[in-house]
Protein chains: 2
Amino acid sequence: MADRKKAILRAVTDDYITTAEPVGSRTIARKYGLGVSSATIRNEMADLEDEGYLEQPHASAGRIPSDKGYRFYVDTLMTGRDLTGHEEKRIRAEYERRRDEIRALIRTTAKMLGDISQCASVVVGPTVRTAEIRHIQLVPISSETVLVLVVTNSGLVEHRVLSIEHAMHPSDLDRISRILNNRLRGSTLAQMHGAALREIQAELSAYATFLDQMFELLLSAMHSSDEERVYVDGLMQLLAQPEFKDVGRARPVLEFLESDDLVLRALTAVGSRGLGATVVTIGSENVMNELQSCSVISAPYGVAGRVVGAVAVVGPTRLDYSMVTALVGYMAEGLSDILARLDSCESGE
Amino acid sequence: MADRKKAILRAVTDDYITTAEPVGSRTIARKYGLGVSSATIRNEMADLEDEGYLEQPHASAGRIPSDKGYRFYVDTLMTGRDLTGHEEKRIRAEYERRRDEIRALIRTTAKMLGDISQCASVVVGPTVRTAEIRHIQLVPISSETVLVLVVTNSGLVEHRVLSIEHAMHPSDLDRISRILNNRLRGSTLAQMHGAALREIQAELSAYATFLDQMFELLLSAMHSSDEERVYVDGLMQLLAQPEFKDVGRARPVLEFLESDDLVLRALTAVGSRGLGATVVTIGSENVMNELQSCSVISAPYGVAGRVVGAVAVVGPTRLDYSMVTALVGYMAEGLSDILARLDSCESGE
DNA sequence: ATTAGCACTCCCAGCCTACGAGTGCTAACG
DNA sequence: CGTTAGCACTCGTAGGCTGGGAGTGCTAAT
């Protein structure tokens, strides 16, 4: 594509991203001094429309970028940019405060993503199911209840209260804990079946019913905690965007974002590309119908080369792609860093 | 007030609640067979308007209840009603599944409240700060990290990861745990200062720095966990209500609901009336400006006579007061029941 | 006290028009 | 041949107007 055409496409896109108004040839000529008249720009814009990069909302309005136009903009036109020092500092400060509880950290991450991007944000937290077990511990709470504690390498601490029929002595619980740790450390809850379980049962045959109950509890915890991995924020910011001033247009998107399982499914797909890959999905490129009027920028994060979750920003296709891409990438990296520190710290036993 | 007038006010309110349209005298005469003509009803309605129970959105539309009208309706007109068997069964079923983790339970409660009421719902979870401590335990995770575990009588399990400089032997941790338990069981984290702390420090002077770090962590946990007590759901249901079809009208309310601390402050006020009191706040009765176009129905729940949290439904003033009142009361009671069972079970040591 | 009848008010939806923004085309220019 | 100026044309939007409908308030009759 000719340089001037690129410059015009870039100008149209930049302008539309900031003003949310269809942009005309005169505006381009005046504001983006390309050294040519509006008539020339008109001709070029007509070409760009023929080629599918621009479109007209109605016959005599300015042009706006099509999904294809945004795609070209993101792939080759966009000037990459870093976060401002202010933004970066704010994120760092928040991360300093929230090091000790991973769920709070993730909640905060979603909040900051929404705030800075002025769009809706989603963070998918780590799952216990596939994380490596670092530590299992049974804690006696009362004569009838035992707390089952699982700490994973992704910093997640999962706990469940188990009701037991017969009181157990703390030293028994310690002994069981020790054996569970030996057998299960390093594996995942999802792998916790078959052979491993049988071995444990054999070694601790005296506690058969207790172990059965406990494994059942862990199994159900594995599934139910999945629903609580999704943190959504910034719905308000989304509603503030002009393309969603009509509730009818906003509803499908908001409904999608409120249904955790759909979001979860959509974002786990992102993880498949591996760590460090920020994915931009524009309008109709989205598989989910509800999102076809939106763009999604997402990036996975993880520990030790394994993807454990993802962060994402959802906004109108008219999105500040360069800012949000930088932001999402930065946040994913930040989460990965913190997890890595937790990981190395805990494994250094 | 004359019976017929009451009947008319009730009819107007009932009709408006279901249709969301101003209701005229003819409608009342036809649909609510009171045995009088529309002209009579017109006269009565004019009176009701003079007395401030009804108002007209514009000169020749039907009437709608004013806040005062709703208040009268709620206090003396409304026919109390129970939940349908279907609704009740659904709630019970969900509560059966979620007994073992209080946060999941609360999240689910918010979801059900929103679903059934077709309005926004809020649940404030218990706070660690003022709950009685049932159990404190230090769990060794690695040579550099210790997990600090606090279990309260409200079923809450709070945990934080503490980084330590010098490795500590598990038996040391056990000893500290035992002493912490002896000293602190039955008191609250908020009371955990002054005398009690000094005694512990004296008894465990060998671990002074460790204890300092731990208490500091608990202190910060007390505050930061407050932000995570608020669970909001059903924002979509709210947007589906006709009074919020205009985003401009919906925004303030949604913004309020998204700011956890405001919600928290508003709902802790509810707790002051004591357990079992369902509070209905109608339109302008709300202290918060953002909510003056809404009604809020809220009820506290708790254990052992102490309020630990609250559930609430937020909707337009045109709210199905009888259904939502029953719902909110039922949910608060349900939560209280579950907490009571947890409490008695854990204290029966 | 209640009711029927009727004039009146006011909102709303639909229609029209004027306006403005922006295009597409054409012809002139370097 | 690319670029530019000029101009007619299109189309959406805002503002003004009108007719219909819903509902009231008043009055007179029962």
Side-chain angles (χ1 to χ4, degrees), chain A residues 1-9 11-16 18-66 69 242-243 245-246 249, chain B residues 1-9 11-16 18-66 69 242-243 245-246 249:
Chain A
M1 192 188 293
D3 280 353
R4 191 175 64 191
K5 227 156 162 184
K6 284 189 194 171
I8 290 173
L9 180 51
V12 170
T13 311
D14 281 338
D15 201 76
Y16 185 64
T18 60
T19 65
E21 295 288 331
V23 18
S25 54
R26 241 169 61 90
T27 314
I28 299 292
R30 252 187 305 135
K31 275 172 62 177
Y32 295 84
L34 300 180
V36 289
S37 77
S38 67
T40 308
I41 294 175
R42 265 202 297 284
N43 289 328
E44 299 277 38
M45 279 166 80
D47 287 355
L48 283 166
E49 185 172 358
D50 289 342
E51 296 161 35
Y53 294 104
L54 295 180
E55 48 196 31
Q56 272 182 304
H58 55 82
S60 116
R63 306 299 211 293
I64 63 175
S66 66
E243 22 272 286
K245 70 176 190 310
D246 176 20
R249 206 154 293 281
Chain B
M1 191 189 293
D3 281 353
R4 191 177 63 193
K5 227 159 162 181
K6 285 188 193 170
I8 290 173
L9 179 51
V12 170
T13 311
D14 281 338
D15 201 76
Y16 184 63
T18 59
T19 65
E21 296 287 331
V23 17
S25 52
R26 241 170 60 91
T27 314
I28 299 291
R30 253 187 305 136
K31 274 172 63 176
Y32 297 84
L34 300 180
V36 288
S37 79
S38 68
T40 308
I41 293 175
R42 265 203 296 285
N43 288 328
E44 299 276 38
M45 278 165 79
D47 287 355
L48 283 166
E49 185 173 0
D50 288 343
E51 296 162 36
Y53 294 104
L54 294 180
E55 50 196 31
Q56 272 181 304
H58 56 82
S60 116
R63 305 301 209 292
I64 63 176
S66 66
E243 23 271 285
K245 72 177 191 310
D246 176 19
R249 207 155 291 282

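No experiment lies behind these values; they were computed from the predicted model shown. Basis for what follows: all heavy atoms, side chains included, without hydrogens, waters or symmetry-related copies. Lettering of chains follows the sequences in order, A, B, ..., and the numbering in each one begins at 1.
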Exercise for the section: Could you tell me whether the phosphate oxygens of C/dA21, OP1 or OP2, come under 4.0 Å of any side-chain nitrogen or oxygen in A/Ser60? Expected result: no

Exercise for the section: May I ask you to evaluate whether B/Thr40 reaches the phosphate of C/dT2, defined as a side-chain N or O under 4.0 Å from OP1 or OP2? Expected result: no

Exercise for the section: On DNA chain C, check which nucleotide each of B/Glu44 and B/His58 is closest to and give me the residue with the more 5' one. Expected result: B/Glu44

Practice task
Would you indicate, yes or no, if C/dT23 has its OP1 or OP2 atom less than 4.0 angstrom from a side-chain nitrogen or oxygen of A/Arg63?
Solution key: yes

Problem - Separation of D/dT27 P from B/Asn43 CG (nearest whole Å) - result: 12 Å

Exercise for the section: For residues 49-58 of chain A, pull every pair meeting side chain to side chain donor-acceptor pair (under 3.5 Å), keeping only residues two or more places apart or in separate chains. Expected result: A/Lys5-A/Glu51, A/Glu49-A/Arg63

Problem - Protein-nucleotide distance (A/Ile8, atom CD1; D/dT3, atom P), rounded to Å - result: 10 Å

Handout entry: Spacing between B/Glu21 atom CD and D/dG21 atom P, to the nearest angstrom
Key = 17 Å

Practice task
Evaluate the side-chain proximity of A/Val23 to A/Ile64: yes if any heavy-atom separation is below 4.5 Å, no if none is.
Solution key: no

Problem - Side-chain heavy-atom pair A/Ile8, A/Tyr32 within 4.5 angstrom cut-off - result: no

Handout entry: Length of the CD-P vector between A/Glu49 and C/dG22, whole Å
Key = 15 Å

Exercise for the section: Starting at NZ of A/Lys6, measure out to CZ of A/Arg4 and round the result to the nearest 0.5 Å. Expected result: 14.0 Å

Exercise for the section: For B/Ser25, report the nucleic acid contact type (base, sugar-phosphate, nothing); a contact means any heavy atom under 4.0 Å. Expected result: sugar-phosphate

Exercise for the section: Whole angstrom is fine here: how far is it from CD1 in B/Ile41 over to C1' in C/dT3? Expected result: 12 Å

Exercise for the section: Measure from CG on B/Leu48 to P on D/dT24 and round the result to the nearest Å. Expected result: 12 Å

Problem - Spacing between B/Ile64 atom CD1 and D/dT24 atom C1', to the nearest angstrom - result: 16 Å

Problem - Separation of C/dT2 P from B/Lys5 NZ (nearest whole Å) - result: 12 Å

Exercise for the section: Please determine if a side-chain N or O atom of B/Arg4 lies less than 4.0 Å away from the OP1 or OP2 oxygen of C/dT2. Expected result: yes

Practice task
Check whether any side-chain N or O of A/Ser37 sits under 4.0 Å from OP1 or OP2 of D/dT4, and answer yes or no.
Solution key: yes

Exercise for the section: Check whether any side-chain heavy atom of A/Ile41 sits under 4.5 Å from a side-chain heavy atom of A/Glu44, and report yes or no. Expected result: no

Exercise for the section: For the side chain of A/Arg42, starting at C-beta, report the closest nucleotide among C/dC11, C/dT9, C/dG24. Expected result: C/dG24

Exercise for the section: Identify whether any heavy atom of B/Ala39 sits under 4.0 Å from a base atom; if not, whether one sits that close to sugar-phosphate; answer base, sugar-phosphate or nothing. Expected result: base

Exercise for the section: Decide yes or no, distance alone: a donor-acceptor N/O pair under 3.5 angstrom between the base of D/dG23 and the side-chain of B/Arg26. Expected result: no

